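To start, the structure itself, in structure tokens.
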Amino acid sequence: MNMRRIFALLGKEIVNGPKNFIFIFALVIPLVLSLIVNLLFGTIFNQQARLGVVDHGSSQLLAWMQEMEAVKVNEYDNDRELVDAVQRGALDIGIVLDPDFDQQLSAENVVRLSAYVWGESQLKNRTVLGVALVQVVRQIAGQETPLEIEQIMVGEGASLPWEKRLFPLLVLITVLLGGLMLPATSLVEEKQKRTLVALNITPATLGEVYLVKGILGVLLSMFMGFMLLLMNQAFGNQPGLLSLVLLLGAIFASTIGILLG
């Protein structure tokens, strides 16, 4: 193989690449999908923090919490129903109020509150509920009242939000779009336009043509993969190993794309 011919063919592919619909498609779609996933699973399905309350008395806390737009409050009859709801993920946090909860707030003593926390709830929702509880307690007591919240973890441990769970799938789609579809469609277009036949009468070999198509697919896959990782700050603790895996995936996808083409 002649490196001069390979670089010449690669330059031609890079210049003509943006004219290919699949080239633009492979650039735009991963970014659009990443934006859609972050908008949907990052905000729409997590607009309100979910709080469950078992009130053994007649505390004002429940009414105050129900007036907050950022919090969705559900009332339960007993502790078992509350814990079951937290365990299956219907609630972010569940609290049990003693019959004399409001009187404890007025006594200027430290008030202790047990909170059942769903292990997979988002830190954002826990923070919202914690701040809301402190504000409501202050309003009920009419003064600064020390509030100690004892967290009891229920269900699975800490988990990733859905936008992060789907992120590896987005990277996989990016690698496949660039590495697989671009070489395949480029070779098909070369055949349709009969430019591949014209290349055969030049010193360039078919092996060099296939290699250039594969290199372009690998470069596009790597570029878009790094863009997604950079946008989502997802390089992790071993960026070198992650880059190697991304490169191997791009090479594999490009090889399959050449075979398909």
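Treat the numbers as computed from the prediction; the structure is a model and nothing was measured.
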For W118 and V86 the tightest heavy-atom approach is CD1-O, 3.2 Å
Spell out, as yes or no, whether a donor-acceptor pair under 3.5 Å connects the side chain of R126 to the backbone of I93. no
Hydrophobic cluster membership, with links at side-chain heavy-atom distances under 4.5 Å among I/L/V/M/F/W/Y: are I152 and L82 in one? yes
Practice item. Check whether any side-chain heavy atom of L113 lies under 4.5 Å from a side-chain heavy atom of F101, and answer yes or no. Key: yes
CD (Q66) and CG (N74) are apart, to the nearest 0.5 Å, by 9.0 Å
I'd like to know whether I95 forms a side-chain contact (heavy atoms from CB on, under 4.5 Å) with L133, so could you lay out the CA-CA distance, the side-chain angles of the two residues, the decisive distance to 0.1 Å, and finally the verdict.
CA-CA 10 Å; I95 59 175; L133 285 172; 3.9 Å; yes
Expected list for residues 169-182: side-chain donor-acceptor pairs under 3.5 angstrom, two or more places apart:
unit_1 : atom_1 : unit_2 : atom_2 : d
T174   : OG1    : L170   : O      : 2.8

For A250 and S221, the nearest pair of non-hydrogen atoms, with its separation, is CB-CB, 3.7 Å
- Item | Donor-acceptor contact below 3.5 Å, side chain D55 vs main chain E75 | no
Residues 205-224 vs salt bridge (Lys or Arg N to Asp or Glu O under 4.0 Å), sequence neighbours excluded, gives R5-E208, E13-K213, E190-K213
### V131 reachable from V71 in the ILVMFWY side-chain graph, under 4.5 Å edges
no
When every non-hydrogen atom of I140 is compared with those of Q60, the smallest separation belongs to CD1-C, 3.9 Å
